[in-house]
Amino acid sequence: MSQSYDRGLIEDFGRWKEFSAGMWAWVLHKFSGWVLIGYLFTHIAVLSTATVDGATYTNTLQGLEELVVVRFLEVGLLAVAVFHILNGLRLLFVDLGIGLESQDRSFYASLVLTAAIVVASVPTFLEGVF
Amino acid sequence: MHEHDVIVVGAGGAGLRAAIAAHEEGADVALVTKLHPVRSHTGAAEGGINAALRDGDDWTDHAYDTMKGSDYLGDAPAIETLCSTSPEEVIQLEHWGMPFSREDDGRVSQRPFGGLSFPRTTYAGAETGHHLLHTMYEQVVKRGIKVYDEFYVSQLAVTDHDDPEDRECHGVVAYDIRSGDVVGFHARNGVVLATGGDGQVYDHTTNAVANTGDGPAMAYRAGAPVEDMEFVQFHPTTLPSTGVLISEGVRGEGGILYNKEGERFMFEYGYANNAGELASRDVVSRAELTEVNEGRGIEDEYVYLDMRHLGDERIVDRLENIIHLAEDFEGVNPLEEPMPVKPGQHYHMGGIETNENGETCISGLYAAGECACVSVHGSNRLGGNALPELIVFGARAGYHAAGRDLGEAQIPTGPSAGTEDETGLDTPVSPGALDSPDEDVAADGAMVDPGAVVESAVERERTRMTEMLENDGRNHAEVRQKLQKAMTENVNVFRREQNLKKALEIIRECREEYQDVAVSDPSRTYNTDLIHTIETRNLIDIAETITLGALARDEFRGAHWREAHQERKDETWLKHTMISWNDGQPKLYYKPVILEGEEKTYEPKVRSY
Amino acid sequence: MSTQVTEQEQEEQETVEEAVEQTEAVGAARAAQVDYGFMEEKAEQEVRDAETTVKLKVFRYDPEVAGKKEPRFDTFTVPFHKGMTVLDALMYARDHYDSSLTFRHSCRQAVCGSDALFVNGRQRLGCKTQLADLDDSEGPPGTVTIEPLPHSDVVKDLVVDMQHFYDQMEAVEPYFQTDEYPKGELEEQRQTRENREKIKMSTRCIWCSACMSSCNIAAGDNEYLGPAAINKAYRFAMDEREGEAQKQRRLEIIEQEHGVWRCQTQFSCTEVCPKDIPLTEHIQELKREAVKSNLKFW
Amino acid sequence: MADYYSSFEPKGTRWLLQRLTAAFLVVVLAFHFMLLHFVNHAADITFMGTNLRMQQAGYFLTMVLFLVTATFHGVNGVYNALVNQGISGAPKTVVKYGLALGGVVLVAQGIRVALAMAGIL
Ligand SMILES: Cc1cc2nc3c(=O)[nH]c(=O)nc-3n(C[C@H](O)[C@H](O)[C@H](O)COP(=O)(O)OP(=O)(O)OC[C@H]3O[C@@H](n4cnc5c(N)ncnc54)[C@H](O)[C@@H]3O)c2cc1C
Ligand code: HEM
Ligand code: SF4
Ligand code: F3S
Ligand code: FES
């Protein structure tokens, strides 16, 4: 019987500023998961050149690797993958009921660790680009 | 108009139990309540439920303790019913899944409580009332009992025969808070009032904001007498800003009370040289107020309760919930600073007069729980005796209303049970209604069709509410505050004749001011302004009966202390103070206490512990 | 529940409104002239005398009162004193300035669960929130923003529709059921201390709906049981007095389509619960119990 | 309320499998990353190298298993996410078979690629 009022945006994701750790973790985990599965499809597509012949495969791969964009995308992929793995581990622990009290800290830890790993591997990834 | 066999008004412990009982008996029952059931104030009870469950304990001992605690103003048939039935009702709760605290052998735990000769207080952590309330609501859900929640009952549909004992109650009128609709509820068999306490009469109370004594006020105006209204229990340790209760446990563990000068006043000024802080509730409350009145209170308002010396470890171990209460509701960390405390209204022993079956003198109208007075508590309630009252008498009222034969009641009700009328009560102003008094009983005597009685009550209420909404005037909050303040100043733990009279004068003023109260919120939707305004009217009527009773009873018994009358006068005062509305001209009369029970006759003794 | 009003709902609403008209609801009159004279003067005096004051910015909405049909925020200045809670401040504002300010409250001690509100961007109980604690530094904050619970239908001002929450709570068969009671008069069922300890936190729920309001999943999926209802199921599933067969049945209930598997462990429910119930932990434990019992049959 | 009950409830199963595959992926993904991005830099990858690695039965099996698990984990994850988002009825069925098909195609193509890499095809 409610004479309800639609508060529209205030209601739904308009409140993102007030999101807490767990919510961000969820958003980012989703995002990273989708990127990864998307990448898996692309990846197999690219590797499919191997079915043509060895040279095409080598050319394609090396050709791609020469593109700066691809190199940067790879760093992004790494970030996404590392975060998904770390937060995935966090989620696995949460599922086992371990360390629930420090769930927010473990989320921040995954972020920090992801950043650290990404920064640390930039030299390797971007080697030879510039 | 809704129609059911039994209508239960109020869904706290008493109301829920009554509804389940009526349902068990096969009746079509509905709960009508202004709050959703789980919001009822029964949820606030912490301590426990008294029941003689164990070997070595016996319900007759419980009865004896209760009678003694009541200072011989309880009626034996009621007390014996309470104590003999409480064990099975408690086991019933356990069978419904209530999470009681447990012993090593898996049985329910019991602990000692003030005034009891055996540790028979069954409890569920520090939140017994919460569990009791929720367990019973769950059973209501299980049985599919109809609940009209957020329906404010504002009027009983009672016929208006001259003699209240001839009147019949056919239902209630309720205001649907969500829609603003005024609806009739026709009860084919009976209406059970279980509206709880009325602590809002005072400005400082452990009671909820919703505890406004609607039930007693409505029943009183419909002709059912109210009994022993002067007996109001005050709790000595409540937090000043909210009235939240700090349990006796703190003093039990060794907490100390001191005043502004840092003196341990219970000893220093000889209020209780033996028991000190552990003296009974009324003694400690009076001591605290004396300190404040004599200028030794902090901010002229409260005293300190200190438990720091017990050590953090012990406090955390035994009184953890107190730390949270003080922090959340007073902003004080009791591990670091003393807690401010002052006395607050806690429980009302008086209420609508009923017999052991919950019946009032109006046929078809029942009452149970804190709003009723069967009289088990007499002049003073023992801790842990209110919750058993809810389930024992709630169930009985429910069964009886649904038609179960519970045998002949021993306790007589109605003005005809009175033995003598008060003649000499000298009131400065005349109490009661200001003008045409008949507004409070529905229908004229000739009306015989029950449905029509309800309909006409609905009509009246609709008119009354519309008027309140359309009138211009002042806000009720002003009147309410004035009333509450007057009651706290003049009718609390200290009762002096001149103050009581002053209170009556102010109550009269409040009545007059209430005449031009208006509701500023014009909305149909969730108009709490309207409801609070109606409640204020009820508070005025209740305040008046408390004060009248207090003025009449010139003795010191249980929670009632009179300045010039410092002893219990058994020759004259072994009787209940009764007040009937008498169509707007309150009439005071008395009814003898019944001290002869089935089990034995209780001889008044000096109440010492 | 999201507050997106669907067309159908709107229609229903209109018919309800008509029905209300037919049954002669009282109200929707003109606004009476109400004199706050005394109270308002008193308030002005108190505000002047107070060392500190607090500004309440309160969400206002009423579907049928001109000027409130479009939601707005009203600001009230309230004198602050030590120990003052958000609820105290709201009551002060109502009693001294505007008696049409509407909110649910009763116990003032965090047991009735009626005053869960959205205070400064977080679900809290008004009565359990010290104004002083809303500020990081000592002392009361300048402005406190008070809104009704997000993701719920607003009925009026700070009052939201709780029906959906109640329905979810009642969907998990929230009542004790067993077929075997101990024989003999006045015999209670036995329960170990450990078991009572295990369910202890879960039994503390006061049905305030703060958790439900804070959960994004519940906001997006109207049928999701929600943390409080799942916690209620936990309270019974883990109670050894009900026995194994009942526990299986309870696991079936929470495994339904919109049951435990919907929970994405966002933890906001646990963070806002005023009774400190470890909701996420209970939900997770139920998931594991469900998996375990499924594997057992496999 | 659950109106039917089979001894193996699919919703819980998908949830469980998502965790189990995740646990397995942690290991192989880490291995994959180390080997192909740090030990052998991506830019230096040639068919020769790949071919060499893929000819080892152990490595080959690991990679195929990786593919199968990751595909399942990814596809199942997307499906779960959509179900949680409240998809039901016809779209749900479409998504279900669409994703299953996509997964199968991906695995099939992946295995074809793997075989080619190993020089078997
Ligand atoms: C802080 C505190 C601690 C306590 N501790 C203990 C203890 O340890 N042991 C013990 O035995 N006792 C204790 N008591 C006393 C005991 O809890 C109460 O006496 C008892 O709970 C009252 O229950 P009730 O069912 O009569 O009323 P309530 O639980 O107050 O219920 C009243 C019901 O009536 C409804 N209602 C009221 N007016 C209307 C209306 N006009 N229209 C419709 N519905 C209406 C309300 O919605 C509510 O549902 C304590 C009391 C307090 C305040
Ligand atoms: C070490 C490796 C990984 C771990 C530990 C891991 C962990 C997880 C976990 C626990 C979930 C479930 C989240 C939930 O239901 O709440 C998940 C979801 C998901 N994962 Fe992974 N994952 C890993 C690798 C991958 C890879 C390689 C892919 C890509 C193919 C992937 C794609 C996904 C997707 C698409 C989801 C669904 C996301 C969503 O909920 O929307 N993951 N992952
Ligand atoms: S679980 Fe906590 S937040 Fe949720 S309704 Fe219960 S008490 Fe409120
Ligand atoms: S916030 Fe919602 S997602 Fe789960 S952990 Fe709590 S129910
Ligand atoms: S008023 Fe009861 S919970 Fe806040």
Side-chain angles (χ1 to χ4, degrees), chain B residues 35-36 38-39 41 43-44 53 87-88 91 94-97 99 101-102 104 106-108 125 127 130-131 138-139 141-142 178-182 208-210 241-244 328-331 462 465-466 469-475 477-478 518-529, chain C residues 20 23-39 62-65 81-85 88 95 99-100 102 105-114 128 130 132 155-156 159 162 170 174-176 181 186 188-193 196 199-200 203-204 206-207 239 241:
Chain B
L35 306 171
H36 183 275
V38 301
R39 320 268 174 238
H41 207 54
L53 288 174
E88 61 196 66
I91 293 300
E94 200 283 334
H95 286 186
W96 284 338
S101 294
R102 299 282 165 165
D104 284 335
R107 305 190 70 179
V108 297
E127 55 245 358
H130 165 83
H131 292 313
E138 286 157 14
Q139 292 301 312
V141 173
K142 183 175 184 181
R178 284 298 294 275
S179 68
D181 218 348
V182 182
V209 179
S241 41
T242 44
V244 169
D328 294 339
F329 303 109
E330 197 64 45
R462 197 169 281 147
M465 290 183 194
T466 309
L469 284 159
E470 293 190 341
N471 284 353
D472 294 344
R474 67 174 94 209
N475 180 238
E478 183 186 329
V519 175
S520 79
D521 191 344
S523 181
R524 279 185 301 233
T525 312
Y526 223 93
N527 194 332
T528 51
D529 195 6
Chain C
V20 168
T23 48
E24 284 185 62
V26 298
R30 71 180 173 82
Q33 294 297 312
V34 173
D35 180 11
Y36 291 95
F38 172 74
M39 295 298 270
D62 189 311
E64 46 178 320
V65 173
H81 63 79
K82 184 171 175 332
M84 196 175 204
T85 62
D88 292 337
D95 291 345
S99 57
S100 71
T102 308
H105 64 301
S106 183
C107 70
R108 290 144 46 250
Q109 46 188 285
V111 298
C112 76
S114 34
K128 197 178 174 248
Q130 289 282 317
V155 175
K156 171 174 167 180
V159 173
M162 297 287 284
E170 285 167 18
Y175 34 78
F176 188 81
Y181 284 115
L186 296 187
E188 68 261 52
Q189 307 164 83
R190 303 300 166 100
Q191 182 182 27
T192 60
R193 282 188 178 205
R196 138 101 194 163
I199 61 164
K200 184 175 95 183
T203 60
R204 291 201 170 156
I206 54 172
W207 298 46
D239 192 323
R241 291 175 293 172

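Proteins come first, then strands; the chains are lettered A, B, ... in the order of their sequence lines, and each starts at number 1. Computation of the quantities below employed the complete heavy-atom set of this structure, encompassing side-chain atoms and omitting hydrogens, waters and symmetry-equivalent molecules. Here the structure is a predicted model, which means the values were calculated and not measured.
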Passes side-chain contact (heavy atoms from CB on, under 4.5 Å), B/Thr528 versus C/Val159? Steps please.
CA-CA 11 Å; B/Thr528 51; C/Val159 173; over 6 Å; no
For the residue pair C/Gln109 / B/Thr242, report whether a side-chain donor-acceptor contact shorter than 3.5 Å exists.
no
C/Gln130 versus B/Phe329, closest heavy-atom pair with distance:
NE2-C, 3.3 Å
Side chain / backbone / both / neither for C/Arg241 at chain B, heavy atoms under 4.5 Å
side chain
One should read off an interatomic distance between B/His36 NE2 and C/Met162 CE, to the nearest 0.5 angstrom, of 8.0 Å
Portion of C/Ser114 that has a non-hydrogen atom of chain B nearer than 4.5 angstrom
both
Look only at the side chain of C/Arg193 and the backbone of B/Arg102, and say whether a donor-acceptor pair between them is shorter than 3.5 Å.
yes
At a heavy-atom distance under 4.5 Å, which candidate from C/Val65, C/Asp88, C/Leu186 has the highest pair count against chain B?
C/Leu186
Here the gap from B/Asp328 atom CG to C/Thr85 atom OG1, rounded to the nearest 0.5 Å, amounts to 10.5 Å
In this structure, NE2 of B/His131 is separated from OG1 of C/Thr203 (nearest 0.5 Å) by 3.5 Å
Examine whether an atom of B/Glu127 lies under 4.5 Å from a heavy atom of chain C, and if so say whether it belongs to the side chain, the backbone or both; otherwise answer neither.
side chain
The interface call for B/His95 against chain C, heavy-atom contacts under 4.5 Å, is both
Look up atom NZ in C/Lys156 and atom OG in B/Ser523, then write down how far apart they are to the nearest 0.5 Å.
4.0 Å
Could you check whether any side-chain heavy atom of B/Asp521 comes within less than 4.5 Å of a side-chain heavy atom of C/Ser99, counting everything from C-beta outward?
no
Counting heavy-atom pairs closer than 4.5 Å to chain C, which one of B/Arg107, B/Gln139, B/Met465 comes out on top?
B/Arg107
What do the steps show when you test B/His130 against C/Val111 for side-chain contact (heavy atoms from CB on, under 4.5 Å), and what is the final call?
CA-CA 7 Å; B/His130 165 83; C/Val111 298; 5.6 Å; no
Just give me the residue among B/His41, B/Glu330, B/Glu94 that pairs up with chain C most often, heavy atom to heavy atom, under 4.5 Å.
B/Glu94
Quick one, C/Arg196 with B/Ser101, criterion side-chain contact (heavy atoms from CB on, under 4.5 Å). Give me CA distance, side-chain angles, the key distance, then yes/no.
CA-CA 7 Å; C/Arg196 138 101 194 163; B/Ser101 294; 3.7 Å; yes
Largest heavy-atom contact set with chain C, pairs under 4.5 Å, which of B/Asp104, B/Val244, B/Leu35
B/Asp104
How close do C/Glu64 and B/Thr525 get, heavy atom to heavy atom, and via which atoms?
OE2-OG1, 2.6 Å
Who among C/Arg204, C/Gln189, C/Lys128 has the most heavy-atom pairs with chain B under 4.5 Å?
C/Gln189
Nearest heavy atoms of C/Phe176 and B/Trp96, plus distance in Å:
CB-O, 3.1 Å
Please check if the side chain of C/Glu170 supplies one atom and the backbone of B/Val141 the other of a donor-acceptor pair under 3.5 Å.
no
How many angstroms lie between OG in C/Ser106 and CZ in B/Arg39, if you round to the nearest 0.5 Å?
10.0 Å
Name the member of C/Lys82, C/His81, C/Met84 that forms the most heavy-atom pairs with chain B at distances under 4.5 Å.
C/Lys82
